[in-house]
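Quick notes on the structure that follows.
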Amino acid sequence: MPSLQKTSAPQDRSQGRPRTVIPTRRDKVAAAGSELIGGPYGRRASTGTGQLTPVRVIALVAIGMFALGMVQKLPCYNWAWFRGTTSQYTHACYSDIPHLFSGRGFADGLVPYFDRLGGDIPFLEYPVLTGLFMEVAAWLTPGGGDTTQQEQAYWLANAGLLMVCAAVLAVCVARTHRLRPWDGLLVALAPSVALTATINWDLLAVALTAAAVLMWSRGRPLAFGILLGLATASKLYPVLLLCPLLMLCWRAGKWREFGTAVLGAGSAWLVVNLPVMLLAPEGWKQFYVFSRQRNVDFGSVWLLVSQRTGATIPPDRANLYALLLMLAAVAGLAYLAFTAPRRPRFVQLAFLIVAAFVLTNKVYSPQYVLWLVPLAVLARPRWRDFLVWQACEVMYFVGVWMYLAFTTSGNKQGLPVDGYQFVIVLHLAGTLYLCAMVVRDILRPEKDPVRQDGADDPSGGVLDGAEDVFVAGRAAHPARHAAPVVDDGPRVEWGTPGEQSSRG
């Protein structure tokens with residue numbers, strides 16, 4: 001079997017050490033955007049020195065953008081959450097958090113999963129770790145005042161905790177690729193993050209997933225597994241990352257590390273879930289029952305099909321269709337993993353499988369974009385492509401609230417059905433566009449901006465530079481490619497063993 005080539009990182013010839021990648025020197029869009037803050041990074045500037053290191057700058061920017069997102073919610077915080085329904089949609093500032101403070105019993109001191117709720121949903125319909133997060137925020141909410149004041153305080157308590165998650169997310173992304181810390185700025189500045197961070201509690205699972213990917217990149221599979229298990233105890237989607245990891249570890253023969261990761265993930269998930277599972281089984285399974293029985297809902301391709309055809313798609317049929325499409329997506333990922341000329345980078349396949357889940361799911365809530373942002377940045381750190389995708393997501397964010405305003409207002413002000421269908425298509429097209437760019441990078445590694453710098457898989461941990469032990473198809477006879485020289489960086493060639501080289 002051919003072995004994966006090993007290539008060196010870009011070298012600073014003057015000091016003989018790996019050189020930090022500066023986006024304004026490699027990315028035309030980043031260079032143009034930098035004019036707003038003084039222009040591209042200078043040749044004589046030094047990186048990683050002084051108090052404002054890249055990671056610290058990115059953390060501060062993330063906190064600043066999160067604060068701007070809170071400001072965007074001010075009309076709702078001040079009055080729109082509490083005066084009817086339409087105003088919170090026309091101001092595009094809706095959040096589940098204040099409504100569920102009373103709606104899920106936190107205002108009355110009910111214990112999640114153990115105490116039964118009134119209404120259609122008998123128990124809290126969130127995974128256990130998210131339920132704990134919600135409960136902690138309720139503990140931090142001061143008593144006294146009327147319901148409005150308590151719901152405002154509960155939203156603020158959650159926002160404070162979620163701000164920490166946002167900073168952790170940005171820092172983890174910035175540190176995952178050691179020589180590309182400034183890629184974390186894409187996460188920190190992402191408008192979709194600022195707009196959706198306080199709609200729901202997804203940011204907890206996203207931050208834990210980003211921390212797990214960071215641990216894997218550092219060659220710590222047990223820590224990766226534990227963090228991924230905790231993320232899965234917060235939201236279901238993080239467990240999907242084990243699928244591409246299985247494929248890549250299979251290709252590289254890293255079975256021990258994969259087993260350690262699975263063991264850590266399963267153990268962490270059980271530690272969180274088992275007590276509730278045993279002591280309050282009905283409450284514990286509510287999340288899974290709700291997910292299975294949930295109707296086709298906003299933003300999904302199934303809603304688009306249903307509205308265009310006029311045919312209702314029952315939940316069980318939508319579940320089956322989504323499952324079949326996900327199985328097809330997994331088969332496609334397996335083909336890429338084993339036949340690509342170079343072993344795909346871990347985050348490339350991780351992004352693709354989560355994107356497939358988002359595209360095929362029977363609901364797409366606006367905050368689900370958070371699942372994709374860190375993986376998209378690590379998989380395809382190009383400002384143009386990222387901003388194209390973000391523009392589509394912002395359009396969908398505005399469109400869904402305007403559509404809800406149209407359907408809930410008596411005077412039909414807002415976005416009609418045809419307009420809403422257009423923004424759904426825009427969201428689907430933007431995500432598919434980014435997926436296509438990642439697939440192209442896998443099939444043509446010389447186009448991958450990360451590998452153009454001479455790296456192999458900086459987020460791959462034990463996979464980085466590892467030899468292949470199982471490949472199929474054209475990967476068994478890979479073609480030789482050469483990455484273009486960028487900013488006096490190395491020229492990287494790969495192919496069959498004995499023909500590989502890395503020269504400056």
Side-chain angles (χ1 to χ4, degrees), residues 65-110 112 117-121 124-126 130-131 133-166 191-204 290 297-299 363-370 393-394 396-415 420:
M65 287 294 292
F66 188 97
L68 288 177
M70 293 178 66
V71 171
Q72 189 266 335
K73 299 292 187 291
L74 272 180
C76 280
Y77 177 84
N78 289 330
W79 60 277
W81 286 332
F82 318 108
R83 300 180 186 177
T85 58
T86 303
S87 295
Q88 60 188 335
Y89 301 142
T90 56
H91 288 82
C93 55
Y94 173 85
S95 173
D96 289 325
I97 293 173
H99 299 300
L100 295 187
F101 177 65
S102 299
R104 297 300 179 267
F106 294 102
D108 300 321
L110 299 184
L117 306 172
D120 297 334
I121 299 179
L124 183 67
E125 74 282 20
Y126 285 85
T130 297
F133 189 95
M134 299 163 75
E135 180 71 3
V136 170
W139 296 340
L140 297 175
T141 302
D146 57 21
T147 301
T148 295
Q149 292 173 328
Q150 289 185 348
E151 291 180 353
Q152 289 174 326
Y154 185 64
W155 181 81
L156 285 175
N158 277 280
L161 296 174
L162 291 171
M163 180 181 287
V164 175
C165 294
S192 65
V193 174
L195 292 171
T196 65
T198 58
I199 291 179
N200 204 279
W201 293 270
D202 295 64
L203 205 53
L204 171 63
F290 176 78
D297 214 332
F298 297 111
V363 60
Y364 180 71
S365 298
Q367 73 272 10
Y368 287 4
V369 68
L370 295 170
E393 292 297 331
V394 170
Y396 176 76
F397 174 86
V398 175
V400 67
W401 304 127
M402 294 303 104
Y403 173 68
L404 285 168
F406 179 83
T407 57
T408 58
S409 63
N411 54 10
K412 297 299 180 182
Q413 291 183 346
L415 192 66
Y420 181 58

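- A donor-acceptor pair under 3.5 Å is absent between the side-chain atoms of Tyr94 and the main chain of Trp401, judged by distance alone.
- Shown here are the side-chain contact (heavy atoms from CB on, under 4.5 Å) partners of Leu100, two or more places apart in sequence or in another chain: Asp96, Arg104, Tyr126, Trp201.
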Exercise. Go through Phe66 and Leu162 one step at a time and tell me if the side chain to side chain contact (heavy atoms under 4.5 Å, CB included) criterion holds.
Key: CA-CA 9 Å; Phe66 188 97; Leu162 291 171; 3.9 Å; yes
Practice problem: Begin with the C-alpha distance, continue with both residues' side-chain angles, and end with the deciding distance and a verdict on side chain to side chain contact (heavy atoms under 4.5 Å, CB included) for Val400 and Tyr403. | Solution: CA-CA 5 Å; Val400 67; Tyr403 173 68; 5.5 Å; no
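- The line from CD1 of Ile199 to SG of Cys93 is 10.0 Å long, rounded to the nearest 0.5 Å.
- Between the side chain of Tyr154 and the main chain of Met134, a donor-acceptor pair closer than 3.5 Å is present.
- Between the Lys73 side chain and the Ala92 main chain, no donor and acceptor come within less than 3.5 Å of each other.
- In terms of modelled atom types and a separation under 3.5 Å, the side chain of Ser95 and the main chain of Thr198 share a donor-acceptor contact.
- When all heavy atoms of Ala159 and Met70 are compared, the closest pair comes out as CB-CE, 3.8 Å.
- For the residue pair Trp155/Glu151, the side-chain donor-acceptor check at 3.5 Å is not satisfied.
- Residues Leu415 and Tyr89 fail the side-chain proximity criterion, which asks for heavy atoms closer than 4.5 Å.
- You'll find the side chain of Val363 reaches within 4.5 Å of the side chain of Tyr368, heavy atoms only.
- Using a distance-only test at 3.5 Å, with no hydrogens or angles considered, a donor-acceptor pair links the side chain of Gln152 to the main chain of Tyr77.
- Aromatic ring orientation, His99 versus Trp81: perpendicular (interplanar angle above 60°, classes split at 30° and 60°).
- At a threshold of 4.5 Å between non-hydrogen side-chain atoms, the residues Leu203 and Gln367 do not count as touching.
- Shown here for Leu124 and Pro112, the closest heavy-atom pair between the two residues is CD2-CB, 3.8 Å.
- Closest non-hydrogen pair, Thr196 versus Pro366, comes out as CG2-O, 3.6 Å.
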Quiz item: Does the pair Thr148 and Trp79 meet the rule for a side chain to side chain contact (heavy atoms under 4.5 Å, CB included), with working shown?
Solution: CA-CA 9 Å; Thr148 295; Trp79 60 277; over 6 Å; no
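- Shown here for Thr85 and Gln88, the closest heavy-atom pair between the two residues is O-CG, 2.9 Å.
- Between Tyr420 and Phe406, the ring center distance fails the sub-6.0 Å criterion.
- The backbone N or O of Leu110 lies less than 3.5 Å from no partner atom in the side chain of Asp108, so there is not a single donor-acceptor pair.
- With rounding to the nearest 0.5 Å, the separation of CG in Leu140 from CG in Asn158 is 9.0 Å.
- For the residue pair Gly103 and Leu117, the shortest heavy atom distance occurs at O-CD1, 4.5 Å.
- Summarising the geometry, atom OG1 belonging to Thr141 is positioned 10.0 Å from atom CD belonging to Glu135; distances are rounded to the nearest 0.5 Å.
- Considering every non-hydrogen atom in both Gln150 and Gly145, the closest pair reads NE2-O, 3.9 Å.
- No side-chain heavy atom of Asn200 sits under 4.5 Å from any side-chain heavy atom of Ser365.
- The closest side-chain heavy-atom distance from Phe298 to Leu404 is below 4.5 Å.
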